[in-house]
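Here the structure comes first, spelled out in structure tokens, and everything after it is commentary.
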Amino acid sequence: MAKKLIIINGPNLNLLGKREPEVYGSLTFNEFFAQMEAKYTDASLTHFQSNIEGELIDKIQEVGFDHDGIILNAAAYTHTSVGIGDAVKAITTPVVEVHISNTYAREEFRHHSYIAPNAKGVILGFGLKSYELAIQSFL
Ligand code: DQA
């Protein structure tokens with residue numbers, strides 16, 4: 001059976017392609033996602049983005065007991081949200097935390113993650129390829 005995987009993106013990631021392209025690249029997320037769908041036809045891939053913390057928590061709860069994997073880039077909420085960290089702890093679906101940039105090479109406030117302690121693994125710093133490596137980790 002096809003693995004059910006979802007990519008959940010947090011705040012400002014809807015601006016990929018036009019947001020700080022020197023940090024985040026010039027591809028839009030939809031362009032990248034289409035490439036992943038074409039390449040990983042043996043997986044059932046979906047994605048969700050919200051700028052709202054509670055909507056991200058709702059989505060994690062909704063998919064967190066029946067999906068095979070969650071690829072989570074909580075963006076800035078990674079560094080601030082006890083609620084998202086608790087949601088990741090509450091569910092049974094394994095979560096791989098992903099970041100496009102190497103957060104450890106950036107400002108100190110990006111060095112802490114509320115998600116990592118309850119994640120299956122963390123992949124960061126490889127640009128959009130970080131998401132692809134996370135997909136591969138579930139296949
Ligand atoms: C990010 C890193 C975060 O620190 C930042 O707030 C983001 C994107 C990344 O993918 O590199 O919005 O999660």
Side-chain angles (χ1 to χ4, degrees):
M1 257 232 317
K3 290 265 174 80
K4 256 172 109 171
L5 306 178
I6 183 168
I7 296 175
I8 299 180
N9 274 332
N12 301 305
L13 292 171
N14 54 312
L15 294 180
L16 281 179
K18 46 184 170 188
R19 170 194 186 197
E20 298 175 81
E22 65 289 354
V23 179
Y24 299 112
S26 50
L27 213 59
T28 69
F29 189 78
N30 282 341
E31 287 165 345
F32 171 73
F33 188 75
Q35 289 177 5
M36 294 302 99
E37 280 186 310
K39 191 162 172 184
Y40 296 98
T41 49
D42 52 336
S44 163
L45 285 175
T46 55
H47 71 96
F48 174 81
Q49 190 277 331
S50 177
N51 294 323
I52 299 166
E53 186 175 8
E55 287 186 358
L56 294 165
I57 293 171
D58 283 347
K59 183 53 80 173
I60 291 165
Q61 291 184 5
E62 183 192 316
V63 300
F65 296 91
D66 73 343
H67 276 52
D68 297 301
I70 297 173
I71 295 157
L72 175 62
N73 186 349
Y77 289 140
T78 306
H79 319 300
T80 62
S81 179
V82 174
I84 294 178
D86 281 354
V88 168
K89 193 170 184 182
I91 60 173
T92 53
T93 296
V95 173
V96 170
E97 175 182 345
V98 156
H99 299 284
I100 298 165
S101 63
N102 177 357
T103 48
Y104 293 102
R106 301 181 65 192
E107 302 95 322
E108 186 128 6
F109 68 85
R110 296 185 204 276
H111 298 185
H112 179 262
S113 167
Y114 281 103
I115 294 156
N118 297 304
K120 185 178 177 202
V122 181
I123 301 172
L124 56 88
F126 296 97
L128 291 173
K129 181 101 187 163
S130 296
Y131 291 99
E132 183 172 3
L133 294 169
I135 292 169
Q136 287 173 357
S137 78
F138 284 116
L139 300 179

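Residue numbers run from 1 in the order of the sequence given. Side chains are part of it too, since the values below use all heavy atoms of this structure and drop only hydrogens, waters and symmetry mates. First listed ligand is number 1; within each ligand, the first listed atom is number 1.
The Thr103 neighbourhood of ligand 1 comprises atoms 2 (C), 4 (O), with distances under 4.0 Å to a heavy atom of that residue. Within ligand 1, the atoms closer than 4.0 Å to a non-hydrogen atom of Arg19 are 7 (C), 12 (O), numbered from 1 in the order shown. Each of the following atoms of ligand 1 lies closer than 4.0 Å to a heavy atom of Tyr24: 5 (C), 7 (C), 8 (C), 9 (C), 11 (O), 12 (O). Of all atoms in ligand 1, listed by their number and element, those nearer than 4.0 Å to a heavy atom of Arg110 are 3 (C), 4 (O), 5 (C), 6 (O).
Annotation: side chain of Ile71 is not in contact with side chain of Ile8 (no heavy-atom distance under 4.5 Å). Using a 4.5 Å heavy-atom threshold, the side chains of Ile100 and Tyr131 count as touching. Phe29 places none of its side-chain heavy atoms less than 4.5 Å from the side chain of Gln49.
Every heavy atom of Glu20 sits 4.0 Å or more from the atoms of ligand 1. Contact between Asn12 and ligand 1 is absent, with no heavy atom of the residue lying under 4.0 Å from the ligand.
For ligand 1, one of its N or O atoms has an N or O atom of Ile100 under 3.5 Å away. The shortest N or O to N or O distance between Ala76 and ligand 1 is under 3.5 Å. At a 3.5 angstrom cut-off on N or O pairs, His79 counts as close to ligand 1. Checking only distances, Ser101 does come within under 3.5 Å of ligand 1, N or O to N or O.
Using a distance-only test at 3.5 Å, with no hydrogens or angles considered, a donor-acceptor pair links the side chain of Thr78 to the main chain of Ala75.
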For this session: Would you please test Lys39 and Glu132 for salt bridge (Lys or Arg N to Asp or Glu O under 4.0 Å) and show each step?
Result: CA-CA 10 Å; Lys39 191 162 172 184; Glu132 183 172 3; 2.7 Å; yes
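Within the 4.0 Å heavy-atom criterion, the part of Asn73 lying near ligand 1 is the side chain and not the backbone.
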